[in-house]
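Below is one structure, written out as structure tokens, with a few remarks after it.
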Amino acid sequence: MSDGNHTNSYNPAEVERKWQARWDERGTNAWTDEALRSAEKPFYNLMMFPYPSAEGLHVGNIYAFAGADIYGRFKRLQGYQVFEPIGFDAFGIHSENFALKQGIHPTELIPRNVERFTRQLRRVGLMYDWNHTVDTTTPDYYRWTQWIFLQLYKAGLAEKKAAPVNWCPSCNTVLANEQVVGGECERCGTAVEMRFLSQWFFKITNYAGKLLDNLKTLDWSDTTRKAQENWIGRSEGAELAFPIARRKVADDRHEAAQVEAERPVIRVFTTRPDTVFGATYMVLAPEHPLVDRVTTPERRDAVDAYRRQASAQDLVTRKKTDKSKTGVWTGGHAVNPATRQEIPVWIADYVLMEYGTGAIMAVPGHDERDFEFATEFGLPIIRVVAGEGDGADTPLAAAYTGPGRLVNSGQFEGTDVGEAKSAVTEWLASMGVGEKRINYRLHDWTISRQRYWGPPIPILYCDECGIVPVPEDQLPVVLPFVEDFKPDASGISPLARHEEWYLTECPTCGGKARRETDVSDTFLDSAWYFLRYPSAGNEQVPFDPAITRTWLPVDSYIGGNEHAVLHLLYARFVTMALRDMGHVDFEEPFTRFRAHGLIVKDGSKMSKSRGNVVVPDDYIAEWGADTFRTYLMFLGPYQEGGDFRDSGITGPYNFLTRLWDSALTAEDRELDRDVEQKLHATIRKVTEDLEVLSYNTAVAAMMEYLNVVRAGGRTPERGAVEPLVRLVAPFAPHMAEELWERMGGEGSIFDGASWPEFDAAKAVADTVEFVVQVNGKVRARMPMARGIAEAQARDAALADAHVRRWIEDKQVRKTVFVPDRLVNLVVG
RNA sequence: GCCUGGGUGGUGAAAUCGGCAAACACAGCAGACUUAAAAUCUGCCGGGCUACGCCCUUACGGGUUCGAGUCCCGUCCCAGGCACCA
């Protein structure tokens, strides 16, 4: 069994066990605080921390982490001092629901999951600094999450207000939009309603402009930038004022104008102020505060009925676009400021309170939704834009939204719509009934969760003093252990059932106070964790100023695009707010962000319910972490992901095994010229590919190189294999360490070795294969000296018998020459 | 409906400042070694034909160009995201 060959054949399990133990013993990847402070070439390599699910690490996690780890190891070999931390995003409804289902308390479940994750992560050979981990559920972390809440509160960026939420009347609880399926509660199937609840909000909209503008300056994946751009949703237009008309229609225009000034106005936002002459009615959201003012006594019952019906709908169904338009007339009118005509005011649920002003001027001639509504209820449709070939009276069979010139529009008759936008706005502004306006679809961030498993919001309510923030020196507000953490019939946080916890003393007046019983959104935990990592363990401050100056912003951040908007936007917002308060000196947290692709199985996302989760442990046990990492990266473009299958894993395994054998059998001798050339070309290719995360082609290049090194069963040169060991190190760190050691290297390859350099002159061959085309078709291939001039190349091509056959006696009218590539002879 | 990506052999894919389509692998086939199998090694591996050569081929239809997988116009399909945002 254990013969003399034992140590010479590749045994991944043995090699990997050895090096994982060594890394821990020697602290190869761990930082001390002093070292963090004095780093000279710091590189902060960040990856999105996982939610430690009970199922353990799945292939998708490993794909994400390995790809980020490879980049970090590459940077380290290039001489950077790389800080690569990991942590656990363990608070939140996901963990809580799972705990509920299992009947295990999260305080018991989460540490168990974290422990399992840690064990699995160590097995993958990731370069983590285990001295600087973060677990969002520990008081020494969420103490500072609460601190962040207080800073935002102090800066006026946190406020409490009523907001619509999905409400299940059977479970008596609030549901996230994702938990509403087809208008019904995902758990019990009851129709979901919309309710207004008082909640804490962060005013992220204050930063909408900066969040959008800064995107241009960031080195981020285009897809991610675009997603944020759409999410923020900037619209340029105007806000216009439509005064509510008196109950009795006034025939004296002059008198009407005087009274208008005292009457309430309906403000609307529009991106088409140019079409104001075509506004034939108005629509308010059913929840609009002016509804009561405009509604006439005769219409009161109808309006109330409609409002009840609208509020009984859940948010998801209400926003469905494919249902037909509904609404009722309030009985009231408003005055179109452009035409001075009175137009009816309706309420309808297609107008949303949360966007713009919650009211619109309806221009059925030139807006598809308004057209549909006007057709349904017989409201007048007027053409105010004429497209190509249209006259002022050309009937409208549908809303016309294309280009054209204004018609039926008073003094703006004939103006081009593009120009009319500002012209009409200026005219209305001069009369005090309009102004330019930029609107964002970004909403303020609801931070309150009526649940148990999160950091308590550090706020007190005092009968005397009102809202009182918990003094910073009283943090953390510890989440109490509560046996029954299930949300109950009251629909408010389970913490609200515990008087002994929430009844307290007001720090300002000493009187009776009540704690906020909601906890904060998990996304707040993850909105600042990257600031904590380098200062993890510090009990004095959330992030050490000197360390933060050295290490932040993050140099490279890699993660899934499912967080393109929420997490990445929240992290940017929190960073901007902290900057404006002077806590950090940078505005953007992540200098470079790359989204990795998603690994799916049989065409769909891996999930427990589908039963298609691929567990990596077995693959690692069978093939080793090095092979598994390399295989995952070889699967396809890292930024595209793909369908997981294991059919090709022998490819990378064979490659690594052959590299192992080559390293152990290599002999000292001069490099062959063609091997040398291929070596330099490979170093160049791999270096360039790793920089842009093109891992699959980097692996292919190394395979190709090894094929050359071993071509025809030749014994490889030591100088040919040794640089390949360094190139492969980011992918297969354990094997690289072992071979580095066996080839006489000192310590860890990641400290002792440097990334191989290439010589551009040596990377190219002396002869190149030229392609000879006749009229653009390939007719011959012939070797020629590198750098050959056009005339010589053409002569050589013309001397070829086969080429001559295609030319015969025809004239060569033109020669196209691409240096070191091809000659194209155009005959005819 | 809108916004992103994407559509290339049996499979994963490679090649986009326009210049040899299918690198690198997997699977398959044939051979060597073996009593046999596994492992390993070697060769073949898009389609067609009148076959040492030629024609066709990158979802489909046009166009620009000496030359198009790559650029332009139009169409279809797939995946993901957003969606009554005024």
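First the proteins, then the strands, lettered A, B, ... as listed; each starts at 1. Hydrogens, waters and symmetry mates are skipped; everything else that's a heavy atom, side chains included, is used.
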It should be established whether A:Asn439 places a side-chain nitrogen or oxygen under 4.0 Å from OP1 or OP2 of nucleotide B:A86. no
Of A:Gly642 and A:Ser235, whose nearest nucleotide on RNA chain B comes first from the 5' end? A:Gly642
Out of B:A25, B:G19, B:C20, minimum distance to the side chain of A:Glu769 belongs to B:C20
Assign B:G9 to syn or anti; the rule is syn for a glycosidic angle within 90° of 0 and anti otherwise. syn
Phosphate contact (B:C3 OP1 or OP2) by A:Trp231 side-chain N/O below 4.0 Å: no
Test your reading of the model: is there a side-chain donor-acceptor pair from A:Asn336 to the backbone of A:Val276, 3.5 Å cut-off? yes
Can you tell me if A:Asp444 and A:Thr205 form a side-chain donor-acceptor pair at under 3.5 Å? yes
Please verify the inter-ring angle class for A:Trp623 with A:Tyr653; under 30° counts as parallel, over 60° as perpendicular, anything in between as tilted. perpendicular
Who is the Watson-Crick or G-U wobble partner of B:C60, with both distances under 3.5 Å? B:G74
Among B:A21, B:C66, B:A14, which nucleotide sits nearest the side chain of A:Val778? B:A21
Among B:C20, B:C24, B:C55, the one nearest A:Met703 by side-chain distance: B:C24
Does A:Glu640 make a side-chain donor-acceptor contact with the base of B:G6, cut-off 3.5 Å? no
Short side-chain N/O contact to B:G5 OP1/OP2 from A:Asn561, under 4.0 Å: no
Are OP1 or OP2 of B:U40 and a side-chain N or O of A:Asn654 less than 4.0 angstrom apart? yes
Taking only N and O in the side chain of A:Arg441, is any of them less than 4.0 Å away from OP1 or OP2 of B:C2? no
Do A:Asn707 and A:Arg658 get their side chains close enough for a donor-acceptor pair, meaning under 3.5 Å? yes
Of the candidate nucleotides B:G67, B:C24, B:C20, which contains the atom at the shortest distance from the side chain of A:Phe634? B:C24
Paired nucleotide for B:G28 [Watson-Crick or G-U wobble; both distances under 3.5 Å]: B:C44
B:A86, OP1 or OP2 - any side-chain N/O from A:Thr357 closer than 4.0 Å? no
Heavy atoms only, 4.0 Å cut-off, all strands: where does A:Leu822 land among base, sugar-phosphate and nothing? base
Using purine N1 to pyrimidine N3 plus N6-O4 or O6-N4 for Watson-Crick, or N1-O2 and O6-N3 for G-U wobble, each under 3.5 Å, what pairs with B:A38? none
Testing B:A13, B:A25, B:C66 for proximity to the side chain of A:Asn696, the answer is B:A13
Can you figure out which of B:C66, B:C54, B:C20 approaches the side chain of A:Lys814 most closely? B:C66
Going by purine N1 to pyrimidine N3 plus the second Watson-Crick contact, or the G-U wobble pair, all under 3.5 Å, which nucleotide sits opposite B:A22? none
Please state whether the rings of A:His802 and A:Trp806 are parallel, tilted or perpendicular, taking 30° and 60° as the class boundaries. perpendicular
Mind checking A:Asn775 for me? I need base, sugar-phosphate or nothing, with any heavy atom below 4.0 Å counting as a touch. sugar-phosphate
Would you say a side-chain N or O of A:His563 is under 4.0 Å from OP1 or OP2 of B:G81? no
Any-strand Watson-Crick or G-U partner of B:G1, both distances under 3.5 Å: B:C82
Can you see whether A:Phe373 has A:Lys325 sitting over its ring - NZ or CZ less than 6.0 Å from the centre and within 45° of the normal? no
Please check the phosphate of B:C56 (OP1 and OP2 only) for any side-chain N or O of A:Lys777 closer than 4.0 Å. yes
